[in-house]
> 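Below is the structure I would like to discuss, written out as structure tokens.
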Amino acid sequence: MIELPELPEVETVLRSLKPKVLNRKINRVTVINAKTIKKPDATAFSCCLEGQRIRDINRHGKYLLFKLSSSLVLVVHLRMTGRLIYKDSSVPPDRYTCVIFQLDEGKELHFQDVRKFGTMYLISCDELDSFPPLRILGPDALDPQLTLDLFIKRLEKRHGQVKGVLLNQSFIAGIGNIYANEILWTARIHPERWVDSLQSWEQERLYQAVREVLSTAVKLRGTSLRDYVDGEGNPGEYQHHRKVHGREGKPCPLCGHPIIRIKQAGRSTYYCQFCQN
DNA sequence: CAGGTAGCCTGTTAGC
DNA sequence: TGCTAACAGGCTACCT
């Protein structure tokens, strides 16, 4: 079973890396897998980054944003199997290393990615709001400004099944398949429900579940099923708290009935047919 | 224009 | 046992 970095995992990577790389200088960048770099080309990417200092790290949904000197922003998406690992330069890169950032003081930041789906962009900070992958994102799912009112307003503009809406990053950003399943179980809403049919108390339960599930997962440093580790290579703990995801046939923690698995838009959905209506 | 889906990738696993 | 095929999955691009 493969895990994927969603909001809590990306937030954990950010928190573990930030104290280590803040205000550190990038001395040299080696691109091993050119396809990781989407913009500009790999040569320009390395060239522009050399000599930059990392001034801040932010996150929007599943995107990591490294703010650099000279008004540049390094945008990183880990997709399924991407990792950012901080290590000593004496440790050789592993076979999945796609990009190496050599920092000062003999340290390196390695981007490793088994499936090579992860992406990086280097853009100027005034491009941030208009930059296509970021422009379409809704508010971050844990953004304090995402109030219940705003959540419901955005929800009521949506159509289709509630699971699909949760996964749509233009609705709110950061939720992937694992947490969508966990959120819907917590909200006791059937994943195939049409969003238009949700009653106001169900909309509110959904909002509360989004916040509760994601903030708990952040506290537990994310879910580690196989690939995900934080910036120091440590796994998270949320996998022990999962109620439905990856638990087909196992008892629902609330009612004991077996968890059902179905496919929605090609992705596995896990739910309890008794608790979720 | 909204909704559906192929393609990107490779390690793991189910099935023969 | 050993091989193959299906599967996992976020996002973009393309299609209807």
> Name the nucleic acid region contacted by A:Arg95, choosing base, sugar-phosphate or nothing; use a 4.0 angstrom heavy-atom cut-off, strictly under.
sugar-phosphate
> Return a single string for nucleotides 11-16 of chain C, one symbol per nucleotide in 5' to 3' order, where B is base contact, S is sugar-phosphate-only contact and - is none, cutoff 4.0 angstrom on heavy atoms.
BS----
> If the plane angle is over 60° it's perpendicular, under 30° parallel, otherwise tilted; pick one for A:His257 and A:Phe274.
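Rings of A:His257 and A:Phe274: parallel, under 30°.
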> Assess whether a salt bridge exists between A:Lys107 and A:Asp88, defined as any Lys/Arg side-chain N lying under 4.0 Å from an Asp/Glu carboxylate O.
yes
> Under 6.0 Å between ring centres: does that hold for A:Phe171 and A:Phe151?
yes
> Please check the phosphate of C:dA8 (OP1 and OP2 only) for any side-chain N or O of A:Arg261 closer than 4.0 Å.
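For C:dA8, OP1 or OP2 has a side-chain N or O of A:Arg261 closer than 4.0 Å.
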> When you get a sec, tell me which of C:dG10, B:dC8, C:dA8 is the closest nucleotide to the side chain of A:Lys35?
B:dC8
> Any pair with a residue in residues 18-41 of chain A that passes ring pair (Phe, Tyr, Trp, His ring centres under 6.0 Å), sequence neighbours left out, goes on the list, sorted by first then second residue, please.
none
> If you assign each of A:His159 and A:Lys116 to its closest nucleotide in DNA chain B, which residue comes earlier from the 5' end?
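Nearer the 5' end of the strand: A:His159.
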> Return no unless some side-chain N or O of A:Ser268 is found under 4.0 Å from OP1 or OP2 of C:dA8.
yes
> Quick check against the 3.5 Å criterion: does A:Gln169 have a side-chain atom that pairs as donor or acceptor with the backbone of A:Ile136?
no
> State the pairing partner of B:dC1; accept Watson-Crick or G-U wobble contacts with both distances under 3.5 Å, and report none otherwise.
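B:dC1 is paired with nothing.
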> Is the CD atom of A:Gln145 crowded by more than 12 outside heavy atoms at less than 6.0 Å?
no
